[in-house]
Amino acid sequence: MSEHISGGKNFIQQIIEQDLAQGRFQGVHTRFPPEPNGYLHIGHAKAIVLNFSLAQQYGGKCNLRMDDTNPLTESTEYVEAIKEDVRWLGYDWEDRFYYASDYFEQLYQWAVELIKKGKAYVCDLSPEEIRQYRGTLTTPGRESPWRNRSVEENLELFERMRRGEFPEGSRTLRAKIDMAHPNLNMRDPVMYRILHAPHHRTGTKWCIYPTYDWAHGQCDSIEGITHSICTLEFENHRPLYDWFLDQLGVHHPRQIEFARLNLTYTVMSKRKLLQLVQEGHVRGWDDPRMPTLRGLRRRGYTPEAIRNFCHTIGVAKFNSTVDLALLEHCVREHLNKVAPRVMAVLRPLKLVIVNYPEDKVEYLEAINNPEDPQAGTRPVPFCRELYIEQDDFRLEPPPKYYRLAPGREVRLRYAYFVKCVEVVRDPATDQVVEVRCTYDPNTRGGAAPDGRKVKATLHWVSARHAIRAQVRLYNHLFTKPDPENVEEGKTFLDYLNPNSLEVLPECFIEPSVQGAQPGTRYQFERLGYFCVDPDSTPEKLVFNRTVSLKDTWAKVQKRLQQQSAG
Ligand code: ATP
Ligand code: MG
């Protein structure tokens, strides 16, 4: 991949380079370890891009591993979706696709090893009692009454736990560390719990499952991971992971924590995303308003734009929230280069050119993408009856409104100057339903030989040739920039934006888009970027607005620059 990681080295790159220079590792081997209990979202994209691009940058490798240690919430549906989404984002794990469940036997053997060393014990406290014994940040914990069982008894009980002789929740295997340790994670953490639940891969083979704390570091070790990159909340777990690896004396990756991505107007927790889907607040995991990779894909976001966004935000050691406008800016930047432009009218108003022959058609040459000279031109049909945007006409134009109005002349893009000579109103509502104009045949191409100027250029579509389409406009899913920061007695759902989806049932698009396949992206001139939705039928195309043309991010940046200059 060609994109450039700009600026100096970030703190992760500095650590990696130091490790390589000092010979701690011979190369770089990272991994992306999702739990298959939901679909990937833009936050995961940050971790994917980080891990895969570090491997690429240092000529190393990156594994894809399903962190499937909790059979209650995981499924193969999610596994397949995760693979598809990582591939879509542009990354290849080659033959290194793994499951934590592949290592269940090894993890069990290592647990036995710790028991034999007197470093783990079977505990009969209930989950609630374990919590009570744990103590708090300011008070030490209490030792479990089962802490000093003999190695033989522990081995026997652990074996019987595995065989399924005990009810769920009745016993755990715990590491024997220090109940007074200032770090709560070191107070005899649970390594195994009894769960009589089938696993999506191991079926009923196991009824004890390793905790994340016990599994994670060892899985990285087994795969020879050098740099185990994770989010900040695991910083406090690092001493525990180091302890396990040191007790076992196995390959010891370096864990590096970075801040997770938070985005304005967005919730990222899988539990909340699941709730949005299950309660029908959105149409599914791939609803274009969702921050999931499949939602963004359906919306028309490109993998290039998402990767570029992830490089732009970089990595840091402190939590912060990124402005959604920056993500949209990255999408716009990429689509500006690659999306062909077409003319589309979303809220149509009939425009009739009274001095244009009834059955004449002219094909005018339109530029496909001014950013890309290779993209060429296309013919766009022009005739007597057109549609323009309702917004582009005002009966009584306010000051600074330069578009069409009675008596006023404007340019129709790629076509002619037209002048409004008459309007037709609906007698019932008094609404203008038709604008009647004359055109100047000498202005073909959009310039007048006498040098007279017009102040506006409108897009238009030939009524006779137009393709009808439904267009879906999306706004923020939440009304509040920080929807997870809820007021007393409310939930994040109270901040759902009732206007996050606006459906325009009857839009008109120029005929060149005929037959466009789902996923095809365009710029609708003056309106924004749009993408063909899979709901399209041969009779009617459906478009999603990917992003409008208004770049609020660029505006903010400009203001900041002006402030710092002034
Ligand atoms: P949740 O808390 O919503 O369940 P998770 O972090 O547990 O999310 P995982 O499937 O375990 O979800 O995440 C896989 C990887 O993606 C982890 O390494 C995690 O650090 C990373 N990740 C998840 N969310 C984000 C985020 N918002 N920003 C950056 N990385 C993330
Ligand atoms: Mg997780």
Side-chain angles (χ1 to χ4, degrees), residues 10 12 30-55 62-70 72-75 77-83 85-86 89 91 93 97-101 200 210-213 215-217 219-220 223 225 227-238 241 253-278 285 290-296 306-307 309-322 324 326-327 482-484 492:
N10 65 43
I12 298 180
T30 56
R31 84 288 175 265
F32 172 63
E35 185 180 353
N37 64 352
Y39 288 85
L40 298 182
H41 52 58
I42 182 76
H44 292 115
K46 178 176 177 178
I48 296 168
V49 171
L50 181 59
N51 279 293
F52 277 93
S53 63
L54 282 170
C62 181
N63 297 357
L64 178 60
R65 183 202 316 141
M66 298 297 129
D67 217 330
D68 56 347
T69 53
N70 181 2
L72 299 178
T73 54
E74 296 159 2
S75 76
E77 171 199 343
Y78 295 131
V79 172
E80 291 312 312
I82 288 170
K83 288 165 94 168
D85 288 348
V86 174
L89 202 53
Y91 297 105
W93 53 87
F97 176 70
Y98 303 115
Y99 292 92
S101 55
H200 71 104
T211 57
Y212 186 84
D213 274 347
H216 195 74
C219 291
D220 282 344
E223 291 178 15
I225 300 306
H227 297 88
S228 169
I229 297 165
C230 61
T231 43
L232 281 184
E233 65 274 23
F234 293 102
E235 195 164 14
N236 287 332
H237 296 241
R238 176 153 35 96
Y241 299 169
R254 179 198 288 280
Q255 174 172 312
I256 307 171
E257 305 87 11
F258 71 100
R260 60 172 52 229
L261 171 67
N262 300 299
L263 265 185
T264 54
Y265 298 101
T266 306
V267 300
M268 214 88 89
S269 130
K270 282 189 274 192
R271 191 180 53 76
K272 289 181 180 145
L273 296 177
L274 182 66
Q275 199 178 344
L276 289 173
V277 173
Q278 285 182 336
W285 286 103
M290 290 282 274
T292 50
L293 292 182
R294 44 198 52 212
L296 299 177
I306 295 173
R307 293 198 303 262
F309 167 75
C310 294
H311 291 309
T312 303
I313 57 175
V315 286
K317 264 295 198 190
F318 48 87
N319 281 310
S320 65
T321 301
V322 174
L324 184 58
L326 174 57
L327 176 58
D482 52 345
E484 295 187 272
F492 76 105

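If you read the sequence from its start, that first residue is 1, and numbering goes on from there. One-based numbering, in listed order, for ligands and for the atoms of each.
Taking a cut-off of under 4.0 Å to the non-hydrogen atoms of A47, the atoms of ligand 1 that pass are 16 (O), 21 (C), 30 (N). Heavy-atom contacts of E35 reach the following atoms of ligand 1: 9 (P), 10 (O), 11 (O) (cutoff under 4.0 Å). Contact atoms of ligand 1 toward S269: 3 (O) (distance under 4.0 Å to a heavy atom of the residue). Which parts of ligand 1 touch H41 is read off a 4.0 Å heavy-atom cut-off, strictly below it: atoms 24 (N).
Using the six-membered ring where Trp is involved, H216 and Y212 have ring planes that are parallel, under 30° apart on the 30 and 60° scheme.
For the atom pair CG (L293) and CH2 (W285), the distance works out to 12.0 Å, reported to the nearest 0.5 Å. The structure places OH of Y78 at 10.5 Å from CD of E35, a figure rounded to the nearest 0.5 Å. To the nearest 0.5 Å, atoms CG (L324) and OG1 (T264) are separated by 5.0 Å. H41 NE2 to S269 OG: the interatomic distance, rounded to the nearest 0.5 Å, is 7.5 Å.
At under 3.5 Å, not a single nitrogen or oxygen of N37, backbone or side chain, sits near a nitrogen or oxygen of ligand 1. For ligand 1, one of its N or O atoms has an N or O atom of R260 under 3.5 Å away. Ligand 1 has no N or O atom lying under 3.5 Å from any N or O atom of F258, backbone or side chain. At least one N/O-N/O distance between L261 and ligand 1 falls below 3.5 Å.
Contacts of K272 classified as salt bridge (charged side-chain N to carboxylate O under 4.0 Å, His left out), with partners at least two apart in sequence or in another chain: E484.
The two residues A100 and D68 come nearest to each other via the heavy atoms N-OD1, 3.2 Å.
Look at F32 and you'll find a heavy atom under 4.0 Å from some atom of ligand 1.
Under 4.0 angstrom from ligand 1, there are no non-hydrogen atoms of R271.
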